[in-house]
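Order of listing sets the numbers, starting from 1, for every ligand and every atom in it. Start at 1 with the first residue, then count along the sequence.
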Amino acid sequence: MYGLLRNLLFRLPPERAHNVALGSLDVAQKLGILNTFTRQPEPCPVNVMGLEFPNPVGLAAGLDKNADHIDALGALGFGFIEVGTVTPLAQPGNPKPRMFRLPEHQAIINRMGFNNEGLEHLITNVRHRRYRGVLGINVGKNKDTPNEQSEQDYRKGIAAVYPYADYITVNVSSPNTPGLRDLQFGDSLKQLLHAIKEEQAACEQKHGRYVPVAVKIAPDMDEQGIRFVAAALLEAGLDGVIATNTTISREAVKGHAHEQEAGGLSGAPVREASVKVIQGLYAELGDRLPIIGVGGITDGDSAADKIRAGAKLVQIYTGFIYRGPSLINEAVEAIRKEIS
Ligand SMILES: Cc1cc2nc3c(=O)[nH]c(=O)nc-3n(C[C@H](O)[C@H](O)[C@H](O)COP(=O)(O)O)c2cc1C
């Protein structure tokens, strides 16, 4: 069924297809016919970051940047949904076209550049949602905010979404906001983590509830970089790490017509690099700090691979575009076998 729909959608330019697909999903959900097309996964509960997840397969950030479609996406059987990246102020992102399909590789290149409607819009949506499952909110910084002041944007984001999120993700790994990924290294990272923990403590005090915060990192990191991040996260007392975002490497898609497009590459070509980062993190962290594995999950085996590498939860984006909702079930079943 999804195969047919996908053939139609793939005739449209990628961003248009994205909007049409999400709009149709909303309609199907409102008409109450969504469950005709999807099969809910059997429960596979896991407890991570102090939260109870009905199953370990979540939707990765970036598909529903403004939380406009939570209810429809939440009805598909995901164990959790992550919305955003949201920046304090609305911003248009990069000029179009900025999303490219590489079907031969089950991949996407995107340079969206955090196009989003800002915190206020997202929070209004989140407040009015019907979805009662686990909700992560992913926060970033505005393009015009200089890196030295990025801390303020992250603080604003955390403070604003804190009352509504089950967990918060701090995104320092998008390749499409100039300089953002520098925040993953050295003193910049340590300072940022310190600020995050300070803001989280202030919010906990204010709202009387502890909301875990995870940091999302890039796959383009060497062993030393991974060890540094792991140590810094532990030292600062973060609650989780999401590995990984898209890659700037084009090694796996050499010779493709879109190879030279700037942006982050996702889907099957990022799978191996993501697993390596997860393995490296797990070697340092063990079970002291949970890893959420994301990057190139396109079937059950690649989902189970993330768990074997040390992840406690997984997320999908590009695989979901290529395979549709049946991938959720397939991933849940493969992980169930792996952990039982
Ligand atoms: C079009 C597109 C937009 C994305 N936007 C975001 C974003 O706003 N924030 C974020 O943290 N990750 C974003 N991502 C990265 C995904 O959440 C995920 O980490 C990455 O694509 C690897 O997973 P995948 O291979 O399953 O797609 C985006 C990915 C794609 C393809």
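Counting heavy atoms under 4.0 Å from ligand 1, residue T318 touches it through both backbone and side chain. By the criterion of a heavy-atom distance under 4.0 Å, both the backbone and the side chain of N245 are placed next to ligand 1.
For atom 1 (C) of ligand 1, the nearest protein heavy atom (residue, atom name, distance) is Y317 OH, 3.3 Å. The nearest protein atom to atom 22 (C) of ligand 1, hydrogens excluded, is given as G295 CA, 3.7 Å; this is a heavy-atom distance. Nearest protein heavy-atom contact of atom 17 (O) of ligand 1 is A61 O, 2.7 Å. Protein heavy atom nearest atom 2 (C) of ligand 1, with residue, atom name and distance: N110 ND2, 3.4 Å. Annotation: atom 21 (O) of ligand 1 to nearest protein heavy atom, S266 CB, 3.2 Å.
Of all atoms in ligand 1, listed by their number and element, those nearer than 4.0 Å to a heavy atom of G62 are 4 (C), 5 (N), 6 (C), 7 (C), 8 (O). Those atoms of ligand 1 with a heavy atom of T244 less than 4.0 angstrom away are 19 (O), 22 (C). Listed by number with element, the atoms of ligand 1 under 4.0 Å from a non-hydrogen atom of N138 are 10 (C), 11 (O).
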Show, in sequence, the C-alpha distance, side-chain angles and deciding distance for R308 and D301, and conclude whether the salt bridge (charged side-chain N to carboxylate O under 4.0 Å, His left out) test is met.
CA-CA 10 Å; R308 284 191 282 270; D301 198 42; 3.1 Å; yes

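A salt bridge does not link R271 to D305: none of the charged side-chain nitrogens sits closer than 4.0 Å to a carboxylate oxygen. Salt bridge status for E199 with R155: present, with a side-chain N to carboxylate O gap under 4.0 Å.
Polar contact with ligand 1: absent for I108 (N/O pair, distance under 3.5 Å). Between I316 and ligand 1, not a single N/O pair is under 3.5 Å apart.
Residue contacts with ligand 1 include G296, since one or more of its heavy atoms lies under 4.0 Å from the ligand.
Around atom 11 (O) of ligand 1, the closest heavy atom drawn from K216, E15, K65 belongs to K216. Nearest to atom 9 (N) of ligand 1 by heavy-atom distance, out of L63, V314, T85, T246, is T85.
Heavy-atom minimum distance, D239 versus L289: C-CG, 4.2 Å.
Between F80 and F53, the ring-plane angle classifies as perpendicular under the 30° and 60° cut-offs.
For the pair R6 and Y2, the cation-pi test (distance below 6.0 Å, angle within 45°) is failed.
Using modelled atom types, one side-chain atom of Y322 and one backbone atom of A107 make a donor-acceptor pair closer than 3.5 Å.
Side chains of T169 and E82: a donor on one and an acceptor on the other come within 3.5 Å.
The CZ atom of R111 lies 12.5 Å from the OG atom of S174; values are rounded to the nearest 0.5 Å.
Centroid-to-centroid, the aromatic rings of F320 and F78 come within less than 6.0 Å.
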